[in-house]
There are 2 protein chains.
Amino acid sequence: MQITRQTEYAIRTMLELALAPEGEVLSTRYISERQDIPEDFLKKTIKLLALADLVVTQRGTGGGVRLAKPADQITMLDIITAVEGPISLNVCLSPAYNCPNQPTCPSKQVFQRAQEALVAELKRQSLADMVKSM
Amino acid sequence: MQITRQTEYAIRTMLELALAPEGEVLSTRYISERQDIPEDFLKKTIKLLALADLVVTQRGTGGGVRLAKPADQITMLDIITAVEGPISLNVCLSPAYNCPNQPTCPSKQVFQRAQEALVAELKRQSLADMVKSM
DNA sequence: ATAAAGGGGACAAAAATTATCCACATTAAA
DNA sequence: TTTAATGTGGATAATTTTTGTCCCCTTTAT
């Protein structure tokens, strides 16, 4: 019940990008050195962020990464979801899962509510808010 | 960011115990068959529940397991914590962890709040509530 | 005594996570 | 137009966590 290290990497990367001058790109190597993240692993992590439209990448000399939208339009939930997929506190909450104990499973509802509370909080704070508090 | 299968086993076990007649013990084997849980793995899981004072075990012939207290005094949070230890959505929230970015880490606060919301919900519903909803 | 329980430690298997390597495609600049 | 800097993608390895199994022990009612 914990975010993975990769998600931590993603959060730190997004903070780094949010702090960079508007429109400027940062290279993966630069970020990996600043944040002490294995470069090749970071590449894949950034790819996930790009697929989720949180960052834009630019290939070639002078290329790199930048935020795809203003920091106040990106939430912690966005980042976590980009890396880990949709949050589901219990397997039974995954969309794909077909619970064999349906419909009498009493724990599903508990997890459903807990998850909603969690998601609401993660959605509440934006990357911009986080940067402000630094 | 998901409870483990072992925690699922623990929840199902607690529900099974909550449904048993007051004061009666159920054997690990019985529970493992009813709930389709590997017996030796269940033994360890039950041991964790016993260490957390959620169940009482009785050795010897006719022995088994029963709830250590009324079902309305046991919460989902109690069960999760018994198996997985204290919830910490991010390593940086673990009591033992000493964050190298302290005290300027902006994500810690976000996780702190999210975790509190989650914990509050998990604490809200008791085993008794869950049984009622079956 | 005996058999039916739980207790505990070692270990194995499986799954998930993290990390590394390398060949390739793109692009700006020399 | 070559070159070097950069992201892309796939394969694979290493590590860690989770899950499962085995086996011998202790306790206890009959």
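So you know, we letter chains A, B, ... as the sequences are listed, proteins then strands, and number each from 1. Because only heavy atoms are used, hydrogens play no part in the values below, and waters and symmetry mates are left out as well, while side chains stay in. If you're wondering where the values come from, they're calculated on a predicted model, not measured in any experiment.
No option in A:Ile46, A:Thr13, A:Val25, A:Leu42 other than A:Ile46 meets the side-chain contact (heavy atoms from CB on, under 4.5 Å) test with A:Val65. For the side-chain hydrogen bond (donor to acceptor under 3.5 Å, both in side chains) criterion with B:Glu121, the lone passing option out of B:Lys123, B:Gln125, B:Arg124 is B:Arg124.
Along DNA chain D, the nucleotide closest to A:Lys44 and the one closest to A:Gln58 are compared, and the more 5′ of them pairs with A:Gln58. With DNA chain D read from its 5' end, the first of the two nearest nucleotides for A:Gly60 and B:Asp40 is the one closest to A:Gly60.
With rounding to whole Å, A:Ile37 atom CD1 is found 13 Å from C:dT20 atom P. Look at CZ on B:Arg29: it is 15 Å from P on C:dA3, rounded to the nearest Å. Computed from coordinates, the A:Gln6 CD to D:dT16 P distance equals 17 Å when rounded to whole Å. Distance, A:Asp36 CG to C:dA19 C1': 13 Å, rounded to whole Å. Straight-line distance from the CD atom of A:Glu84 to the P atom of C:dT17: 8 Å, rounded to whole Å. Residue B:Lys47 contributes atom NZ, which lies 18 Å from atom P of C:dA5 at whole-angstrom precision. Atom CD1 in B:Ile46 sits roughly 12 Å away from atom C1' in C:dA5 (whole-Å rounding). Here C:dA15 presents its P atom at 14 Å from CZ of B:Phe41, a figure rounded to the nearest Å.
For the residue pair B:Thr75/B:Ser126, the side-chain donor-acceptor check at 3.5 Å is not satisfied.
The side chain of A:Ser27 lies closest to D:dG7, out of D:dG7, C:dG6, C:dC21. When distances are taken from the side chain of B:Thr61 to each of C:dT20, C:dA4, D:dT8, the shortest belongs to C:dA4. Among D:dG7, D:dG20, C:dG6, the nucleotide with an atom closest to any side-chain atom of B:Thr57 is C:dG6. Of the candidate nucleotides C:dT20, D:dT18, C:dT17, C:dT20 has the atom nearest to the side chain of A:Pro38.
Ion pairing between B:Arg12 and B:Glu8 holds under the 4.0 Å rule for side-chain N and carboxylate O.
Contact check, A:Tyr30 against D:dG7: no side-chain N or O comes under 4.0 Å of OP1 or OP2. Between A:Thr28 and the phosphate of D:dG7, there is a side-chain N or O to OP1/OP2 separation shorter than 4.0 Å.
To the nearest 0.5 Å, atom CD of residue A:Glu24 and atom CG of residue A:Leu26 are 6.0 Å apart.
One can find a donor-acceptor pair under 3.5 Å joining the base of D:dT26 and the side-chain atoms of B:Arg59.
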